[in-house]
Number of protein chains: 2
Amino acid sequence: MSSPDKVFEALGSTTRRRILAYLSEAPLAAGEIAKRFDMSQPAVSKHLSILEGAGLVWRERKGQFVTYGMERATLAGTLAGFLQEVCPPSRALKKEAKARKGS
Amino acid sequence: MSSPDKVFEALGSTTRRRILAYLSEAPLAAGEIAKRFDMSQPAVSKHLSILEGAGLVWRERKGQFVTYGMERATLAGTLAGFLQEVCPPSRALKKEAKARKGS
DNA sequence: AAGATATATAGCTAATAAGTTAAAAGGTTT
DNA sequence: AAACCTTTTAACTTATTAGCTATATATCTT
């Protein structure tokens, strides 16, 4: 289960959002991802496991390599869910229209 | 200007997302918001100014009170922008379909 | 102008997060 | 099994964040 809390915390880091952007183009091995960043490979590995803990990426061992890929459904689902909670398409907007008329 | 970095960092906190959820129903005075949380008023005030710094809420002084309200466009725009970058509706999905066929 | 109320800022402490290097674990290859 | 490569985990340091209390600022009321 991917809790919104974990997802939003994971998305709070610019580095992790950049990783997702790379993975959105194609799955990549951990080392390939690390190459794209100006930090140690263990640091990137930690970011990857945070992303995985949030359910935002999947991981698959391929021999000595580990391939990571995006879990699009989690991202889309979490963001859509929050948007609906906070930018409701009908509920709040109707309320607002009412309030404007009344004022 | 509301940078995506600031927006995502602001959304990374559960408390701040709860504040947004309250504000999504109606604008509220700072004190009214603070009442809803089990923490000091200054702590909530700080969260509010982080949200304002990210462009996620507006602030308006009304006499001795300060009313806060949601800035829906920032939230919707930022999340939609990121979703488009990372869950592109056509680009990546077409690529993926191609890759599946090829494998 | 004095007192009361609402909010923000300052200064501090404690908890969390991000990075480093070194070592371990998993998997190939010869 | 030994050497090698890829990735993760551990131990540690430093920077950031979140909270608190006390104080300042702004506005209203008398």
Side-chain angles (χ1 to χ4, degrees), chain A residues 2-23 25-71 78, chain B residues 2-23 25-71 78:
Chain A
S2 83
S3 79
D5 278 20
K6 282 190 181 173
V7 170
F8 277 105
E9 154 140 16
L11 294 178
S13 147
T14 305
T15 301
R16 289 191 287 265
R17 287 197 309 284
R18 272 188 61 202
I19 292 178
L20 286 180
Y22 284 127
L23 294 183
E25 308 192 13
L28 287 173
E32 285 300 310
I33 300 168
K35 268 189 206 159
R36 290 159 166 77
F37 290 85
D38 190 24
M39 75 180 69
S40 70
Q41 182 268 329
V44 174
S45 174
K46 204 173 180 182
H47 284 299
L48 286 169
S49 66
I50 289 170
L51 286 168
E52 203 209 358
L56 285 166
V57 304
W58 48 260
R59 179 206 303 255
E60 190 185 357
R61 186 166 267 281
K62 288 198 174 168
Q64 45 190 337
F65 299 82
V66 176
T67 299
Y68 284 87
M70 249 201 94
E71 206 72 82
T78 304
Chain B
S2 83
S3 79
D5 278 20
K6 281 189 182 176
V7 171
F8 277 105
E9 155 142 14
L11 293 179
S13 147
T14 306
T15 300
R16 289 190 288 266
R17 287 197 310 284
R18 271 189 61 202
I19 292 177
L20 287 179
Y22 284 127
L23 294 182
E25 308 192 13
L28 285 173
E32 286 299 311
I33 300 168
K35 268 189 208 160
R36 290 161 166 76
F37 290 85
D38 190 23
M39 75 180 68
S40 71
Q41 177 270 324
V44 173
S45 175
K46 203 172 180 183
H47 284 299
L48 285 168
S49 66
I50 289 170
L51 286 168
E52 203 208 358
L56 285 167
V57 304
W58 48 260
R59 178 205 307 253
E60 190 186 356
R61 184 166 268 282
K62 289 199 175 169
Q64 46 190 336
F65 299 84
V66 176
T67 299
Y68 284 88
M70 249 201 94
E71 206 72 84
T78 304

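Worth knowing before you read on, the calculation uses all heavy atoms, side chains too, and leaves out hydrogens, waters and symmetry mates. Lettering follows sequence order; numbering is per chain, from 1. Just so we're clear, the structure is a prediction, and the values are computed from it rather than from any experiment.
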Between [options], which nucleotide gets closest to the side-chain atoms of [X]?
| X | options | answer |
| --- | --- | --- |
| B:R61 | C:dG19, D:dT27, D:dT8 | D:dT27 |
| B:Q64 | C:dA18, C:dG26, C:dA6 | C:dA6 |
| A:S40 | C:dT21, C:dG19, D:dC5 | C:dT21 |
| B:A30 | D:dT9, C:dA8, D:dC20 | C:dA8 |
| B:V66 | D:dA18, C:dA18, C:dT7 | C:dT7 |

Applying a 4.0 Å non-hydrogen cut-off, can you work out what [X] is touching in the nucleic acid: base, sugar-phosphate, or nothing?
| X | result |
| --- | --- |
| B:E9 | sugar-phosphate |
| A:A29 | sugar-phosphate |
| B:A43 | sugar-phosphate |

OP1 or OP2 of [N] sitting under 4.0 Å from any side-chain N/O of [X]?
| X | N | result |
| --- | --- | --- |
| A:R16 | C:dA18 | yes |
| A:S45 | D:dT7 | no |
| A:Y68 | D:dT6 | no |
| A:H47 | C:dG19 | yes |
| A:R59 | D:dT8 | yes |

With a 4.5 Å limit on heavy-atom distance, are the side chains of A:Y68 and A:I33 in contact?
->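 The answer is yes; the side chains approach within 4.5 Å.
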Do any N or O atoms from the side chain of B:R36 and from the backbone of B:E32 form a donor-acceptor pair under 3.5 angstrom?
-> yes
Is the backbone N or O of B:K46 less than 3.5 Å from a side-chain atom of B:S49, with the two atoms forming a donor-acceptor pair by type?
-> yes
